[in-house]
Asks: 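I'd like to ask some things about the structure below.
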Amino acid sequence: MGFPTDAPTPPPTGGPPPPPTGDRNGPAVSREEFDALFARVRTWGRWAPADRGAWNRVTADHVRRATALVRTGTVVPMARPWDTEPGPDNTRPALHYMSDLGDVEAPEPAAHKDFIGADYHGKAVSHLDALSHMAYRGRFYGGGTARDLVGAAGTRFGEVAALGPLVTKGVLLDLPAVLGRTWLEPGQAVHAADIVAAERTHGVTIGEGDAVLLRVGRFLRRRELGAWDPDASCAGLHVDAVPLLAERGIALLGSDGDSDVRPSPVEGLHSPVHTLAIAAMGVPLLDNLDLEELSAAAAGTGRYEFLLLVAPLNIPGGTGSPVNPVAVL
């Protein structure tokens, strides 16, 4: 293959059970087919520094062209509210509590302080996955051995601090709008042909250095019908859509899910799109975005490309970061 080879919970009563997926998440892909695809889209050795991966594609010229997309000055944030409520899609709720109620320091002026914390790699917090988040067959993007590079103090490769902020062109692929639906049902796979149809419908073309945001309508469905377990069933990309994105040379992939269709169509691999994007292509991911406001703004202006700003926290050794990406139309 050209790379080393060593090495669902039901919803609570009252919540909507996800519909059976049947073969909507297919076609099925064997591990041998997946490994061939991994080798096909891999970009190991292409850039330095390697732990910025595909963000190396974004040059000053990309930034200047992206700023030219701003027409109305409309600013659209995409982070979900900090979610402290447990549920089937939030098994490790974020923390928020007051640490100073104005009664700790000298009386004037009164100072109020609070604490936040999150085990954010899940299905509730809007976050960025750095290149250290995923390894395949024991290897990170570029071929380093994950066992040797990650310890209790964090990672020594692919840390989120190495990425820094990203400013580039964002492209929204609003699949429910393209398909004439309110949302995609959990388990529905998005294929390469769907991406091409979205480009044609929205009047956009995904290019090198772009950030692609895939809306499946997850949080609109959640607001209307209630929470369910997205680890068991969620709309997202099938692996057969990844070669198209690789050919276009994207720098970032994001979704209101986590980009993967679930159940996974690949035997024995729970997050194949994560694996291909991060470990093969060096493309960081944005998970759990709330894209409803952006969907409405794009529909209202008829413009599905925009200036995108992503500024992760500067966490040395971190595998990712909570984040509030911002689109400017």
Side-chain angles (χ1 to χ4, degrees), residues 1-8 18 20-47 50-51 53-54 121 129-150 157-158 175 184 186-196 206 212 214 216 230-255 257-285 287 319:
M1 293 295 109
F3 56 94
T5 58
D6 53 336
T21 59
D23 61 357
R24 291 185 299 113
N25 65 325
V29 177
S30 70
R31 284 296 288 276
E32 291 76 16
E33 291 170 322
F34 179 83
D35 284 351
L37 180 55
F38 189 104
R40 175 182 169 188
V41 303
R42 187 181 55 202
T43 61
W44 292 8
R46 181 172 299 183
W47 298 293
D51 52 4
H121 281 301
D129 292 336
L131 298 192
S132 53
H133 179 51
M134 285 283 156
Y136 184 56
R137 298 193 181 279
R139 304 288 182 175
F140 278 143
Y141 175 76
T145 304
R147 185 184 301 112
D148 296 335
L149 292 170
V150 180
F157 172 81
L175 263 295
L184 301 191
Q188 179 66 55
V190 175
H191 300 277
D194 299 312
I195 293 176
V196 173
I206 299 166
V212 174
L214 174 72
V216 298
D231 272 327
S233 186
C234 192
L237 291 173
H238 189 278
V239 295
D240 64 15
V242 175
L244 173 64
L245 299 175
E247 290 165 9
R248 300 295 181 85
I250 67 169
L252 177 66
L253 176 63
S255 177
D258 69 355
S259 295
D260 270 283
V261 67
R262 301 184 187 280
S264 167
V266 182
E267 59 183 59
L269 195 62
H270 63 81
S271 299
V273 172
H274 268 64
T275 304
L276 292 172
I278 295 175
M281 297 163 55
V283 173
L285 297 185
D287 293 347
T319 64

Asks: Where do I278 and Y136 land on the side-chain contact (heavy atoms from CB on, under 4.5 Å) test, with the steps shown first?
Replies: CA-CA 10 Å; I278 295 175; Y136 184 56; over 6 Å; no
Asks: Got a donor-acceptor contact below 3.5 angstrom from the N25 side chain to the V261 backbone?
Replies: no
Asks: Only counting residues at least two apart or in another chain, list the ones meeting ring pair (Phe, Tyr, Trp, His ring centres under 6.0 Å) with H191.
Replies: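 For H191 the ring pair (Phe, Tyr, Trp, His ring centres under 6.0 Å) partners, ignoring immediate neighbours, are H238.
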Asks: If the condition is side-chain hydrogen bond (donor to acceptor under 3.5 Å, both in side chains), which residues does D51 pass it with, not counting sequence neighbours?
Replies: none
Asks: List the residues meeting side-chain contact (heavy atoms from CB on, under 4.5 Å) with V283, not counting sequence neighbours, and say none if there are none.
Replies: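 A54, I250, L253, A277, M281.
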Asks: Do any N or O atoms from the side chain of D258 and from the backbone of D287 form a donor-acceptor pair under 3.5 angstrom?
Replies: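 No, the answer is negative, given that no donor and acceptor are paired below the 3.5 Å cut-off.
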Asks: Taking all atoms of both residues into account, what is the closest heavy-atom pair of A50 and L131, and its distance?
Replies: O-CD1, 3.7 Å
Asks: Please tell me if the side chains of R139 and T145 come closer than 4.5 Å, counting only heavy atoms from C-beta onward.
Replies: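 In short, these two side chains touch, coming nearer than 4.5 Å.
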Asks: For residues 243-252, pull every pair meeting side-chain hydrogen bond (donor to acceptor under 3.5 Å, both in side chains), keeping only residues two or more places apart or in separate chains.
Replies: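 Qualifying pairs, neighbours excluded: E199-R248.
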Asks: Please round to the nearest 0.5 Å and tell me the distance separating atom CE of M134 and atom CG of L276.
Replies: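 Result: 11.0 Å between the selected atoms.
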Asks: Looking at A189 and G26, what are the two nearest heavy atoms and their distance?
Replies: CB-O, 4.3 Å
Asks: Is any side-chain heavy atom of H274 closer than 4.5 Å to a side-chain heavy atom of L285?
Replies: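 Sidechains of L285 and H274: in contact.
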Asks: With heavy-atom distances below 4.5 Å as the criterion, would you say the side chains of V239 and V273 are in contact?
Replies: yes
Asks: Might you point out which heavy atoms bring P265 and P27 nearest each other, and give the distance in Å?
Replies: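 Where P265 meets P27 most closely, the heavy atoms are CB-O, 3.7 Å.
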Asks: Taking the side chain as every heavy atom from C-beta outward, state whether R31 and V266 have any pair of such atoms under 4.5 Å apart.
Replies: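 Yes, at least one pair of side-chain atoms sits under 4.5 Å.
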Asks: State whether the side chain of W44 and the backbone N or O of A279 hold a donor-acceptor pair below 3.5 Å, judged by distance alone.
Replies: yes
Asks: In the structure I gave you, are the side-chain heavy atoms of P272 and D260 within less than 4.5 Å of one another anywhere?
Replies: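 The answer is yes, as the side chains (C-beta and beyond) meet within the 4.5 Å cut-off.
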Asks: Looking at CD of E267 and CD of E33, how far apart are the two atoms once the value is rounded to the nearest 0.5 Å?
Replies: 8.5 Å
Asks: Ignoring hydrogens and angles, tell me if any N or O in the side chain of R262 forms a donor-acceptor pair with the backbone of H270 under 3.5 Å.
Replies: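 Side chain of R262 to backbone of H270, a donor-acceptor pair under 3.5 Å: yes, one is there.
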Asks: For residues S132 and T319, report the shortest heavy-atom separation together with the two atoms involved.
Replies: OG-CA, 3.3 Å
Asks: For the pair V216 and Q188, evaluate side-chain contact (heavy atoms from CB on, under 4.5 Å) and give the outcome as yes or no after the intermediate values.
Replies: CA-CA 9 Å; V216 298; Q188 179 66 55; over 6 Å; no
Asks: Please list, chain by chain and in numerical order, all residues satisfying side-chain contact (heavy atoms from CB on, under 4.5 Å) with A135, sequence neighbours excluded.
Replies: F140, A146
Asks: Do I206 and L245 pass the side-chain contact (heavy atoms from CB on, under 4.5 Å) test, and can you show the C-alpha distance, the side-chain angles, and the key distance before you say yes or no?
Replies: CA-CA 8 Å; I206 299 166; L245 299 175; 4.2 Å; yes
Asks: Restricting to side-chain contact (heavy atoms from CB on, under 4.5 Å), what partner residues turn up for S255, sequence neighbours left out?
Replies: L214, S259
Asks: Report the C-alpha distance between T43 and Y141 in whole Å, list the side-chain angles of each, state the deciding distance to 0.1 Å, and finish with yes or no for side-chain contact (heavy atoms from CB on, under 4.5 Å).
Replies: CA-CA 8 Å; T43 61; Y141 175 76; 2.9 Å; yes
